[in-house]
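Heads up: the structure comes next, in structure tokens.
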Amino acid sequence: MDKKKNWNAVIKYAKSIRDGKKIACKELKQAIERFFRDLENPAYEIDHVAPEFCIGIIETTICHQQGEKIDGTPLRGKPFLLELYHKFIIYNLVGFKIRGSGVVRFHEALIFIPRKNIKTSFAAALAWALALWYRKSGSKVYITSAALMQSLESFNFLDYNITRMGENQKQGGHVHVINNNNEHSMEASFSDGSFYIRALAASPDKQDSLNCNIAICDEIHAFKAPKQYNLFKEAMKAYTNKLLIGISTAGDNEQAFLGKRLKYCRNVLDQTVKDEQYFIFMCCANPDENGNIDYTNPVVHEMANPAYGVSIRPAEILNDSLQAQNDPQQRKDFFAKSLNVYTNALKAWFDIEEFRRSDMKYSWTIEEVARMPIYWYGGADLSRMYDLTAAALYGCYEGVDIIVSHAFFPVTQAAAKAEEDNIPLFGWQEDGWLTMCNSPTVNISDIVNWFIQMRSMGFKIKCVGHDRKFAGEEYFPAMQKAGFFIEDQPQYYYLKSQGFRHIEKAVKDGNLYYIHSEAYEYCVGNVSAVEKTDDAVMYQKVQPEQRIDLFDASVFACVKYLNQAEKAKQAANWWK
């Protein structure tokens, strides 16, 4: 018996991507490079027993429940033969071990691939294989998603196979299956261990006492709160060999849980963040150098879909792409579900990665920025009562435009809005980018005090702009009393467009620094815009539940900065 039966195929697959023979996206190429680095890392070793067991169990005991081959041949009842990318994933997840120990290297994974790439059935089959592999530890496996119906896709697939194998206890087999309105579970005991598999909906309000060593979270783009995911991480603390697998396709809101998780995972693949316990397999369409995606190109289709030519039919996806081109209402779903690209990013005016690249060029602390020998110009975007309020300072030092921003939110409304609108308010508070106002509405004195605090740090604030219509009766006199020169600044798009364009140019030139504020990034990523006459821009939120207030405040401040620069230029010309 070949103890490395599938190893050569996995290596051949990895080399085909590394050598450019197989079309792949940037993220998958990075995952392959990481794989080869890990093979040479003396801290790890490959144990072939576990991955070969899992692959063998799946291919010899699991059959397709439904579907057809690309030529139309029915698949029901046919062996579930894994694709090469499936085997690559399995070898990474359970093959890498800490050298000299029995401890697996990866304890968490993200599998991010478009729909119809043999994803949900693979997750179910993998849950089955891992349950059997870890049976000596009394393995407990949860299959979960935001909606129970999605979890049951995997569970019913396993139930079908257990019945087909004759392993249901009702047939005289080993597995006791409960599948009713109250519970969806299966368990079995053996001479050397046991397993328990259960399908759940990821409801953080009802699942605080879970205990498991394997969890598969499907379609995590629909998770509204990190707790839906993190409660399964917490459930694994009693195990050393544990594995939490997040599986998903892109969604509509990049600011929700998965979108932020993808940012972290891309940092791991870029090697800007080190996380040795996180396995990442991502397939998506990559934009060109201008930020555009050639979505009717078969090369792009193959790049995004690892099962291209197997479960993804080339002619069909090409036809869908042409429909998306000719019928814009189809485009949103095509990008999200077939190319794995977040659709709100397509509507957004800015490429957030341009902002991040520019920001990462600089590393001044806020204390160092405060001591710079320059003048600063302020802006405030004030909410009417109890929504997000923002303040910002804008200055330029040796050709670098610098934005210092801060947000405010009433603590009584924060939990509800964070949950309803997927705004990471408490994370911003923890990182120092937001102040929770201890009142039912936004506390004007908190905003005034922030400007005072900035001035005390050393910021030379020359003037602050605001729209008097939204300032209320308290803000204007409070700022004057604190000694700030403030100017009324109406929110007319043709006035704000000047600041908008200036920030846009600074970003593209790599000359914008915003102190690494994730809150500011969030707001930038939510900006949609329409060009008007004379290159003017009218901007707004991409989606109603999102916020752009910090960006808006920075535009106010930038306009004040530009107005002052223009006055100085006119004065200089007058003396010539």
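What you see is a predicted model; the values in this text were computed from it and never measured.
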- Query: Is the number of heavy atoms from other residues, nucleotides or ligands within 6.0 Å of CD (E183) greater than 12?
  - Reply: yes
- Atom NE2 of H174: over 12 foreign heavy atoms under 6.0 Å: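 No, NE2 of H174 has 12 or fewer neighbouring heavy atoms, counting only those of other groups under 6.0 Å.
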- Across all chains, not counting sequence neighbours, the side chain to side chain donor-acceptor pair (under 3.5 Å) partners of R164 are N161
- Task: Quick one: list whatever passes side chain to side chain donor-acceptor pair (under 3.5 Å) with S248, sequence neighbours left out.
- Result: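 Testing S248 for side chain to side chain donor-acceptor pair (under 3.5 Å), a comparison that skips the adjacent residues, returns H221.
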- Message: With side chain to side chain contact (heavy atoms under 4.5 Å, CB included) as the test, pick out the partner of I89 among I245, I111, V94.
- Response: I111
- Item | Pairs touching residues 72-96 that satisfy salt bridge (Lys or Arg N to Asp or Glu O under 4.0 Å), sequence neighbours left out | E59-K87
- Pairs in or reaching into residues 96-119: which pass salt bridge (Lys or Arg N to Asp or Glu O under 4.0 Å), with residues at least two apart or in two chains?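 For residues 96-119, and leaving out neighbouring residues, the salt bridge (Lys or Arg N to Asp or Glu O under 4.0 Å) pairs sorted by first residue read D38-R105, E45-R99, D47-K97, R105-E276, E108-K233, E108-R261, K119-E219.
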- Would the F409 and W428 ring centres measure less than 6.0 Å apart?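 So the answer is no for these two rings.
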- Message: Is a donor from one side chain sitting under 3.5 angstrom from an acceptor on the other, for D320 and Q330?
- Response: no
- Message: Is a donor from one side chain sitting under 3.5 angstrom from an acceptor on the other, for Y264 and D275?
- Response: yes
- Item | Carboxylate-amine/guanidinium proximity below 4.0 Å for E521 and R356 |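 Answer for the salt bridge query: yes.
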Does the plane of the ring in [X] sit parallel, tilted or perpendicular to the ring in [Y]? Use 30° and 60° as the thresholds.
X: F122; Y: Y85; answer: tilted
X: F88; Y: F281; answer: tilted
X: F195; Y: F190; answer: tilted
X: Y229; Y: F257; answer: tilted

- Message: Show every side chain to side chain donor-acceptor pair (under 3.5 Å) that has at least one partner inside residues 120-136, sequence neighbours left out.
- Response: T61-W128, T120-Q150, T120-D218, R135-D192
- Task: Provide the full list of side chain to side chain donor-acceptor pair (under 3.5 Å) pairs with a residue in residues 64-75, sequence neighbours left out, each pair given once.
- Result: D71-T73
- Item | Side-chain (T272) to main-chain (N267) donor-acceptor, under 3.5 angstrom |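 The answer is yes, because a donor-acceptor pair under 3.5 Å joins these two groups.
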- Query: Looking at F36, is R18 sitting on its ring face, NZ or CZ under 6.0 Å from the six-membered ring centre and within 45 degrees of the normal?
  - Reply: yes
- Message: Is there a side-chain contact between L550 and Y522 in this structure, where contact means two heavy atoms from C-beta onward sitting under 4.5 Å apart?
- Response: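 No, too far: nothing below the 4.5 Å cut-off.
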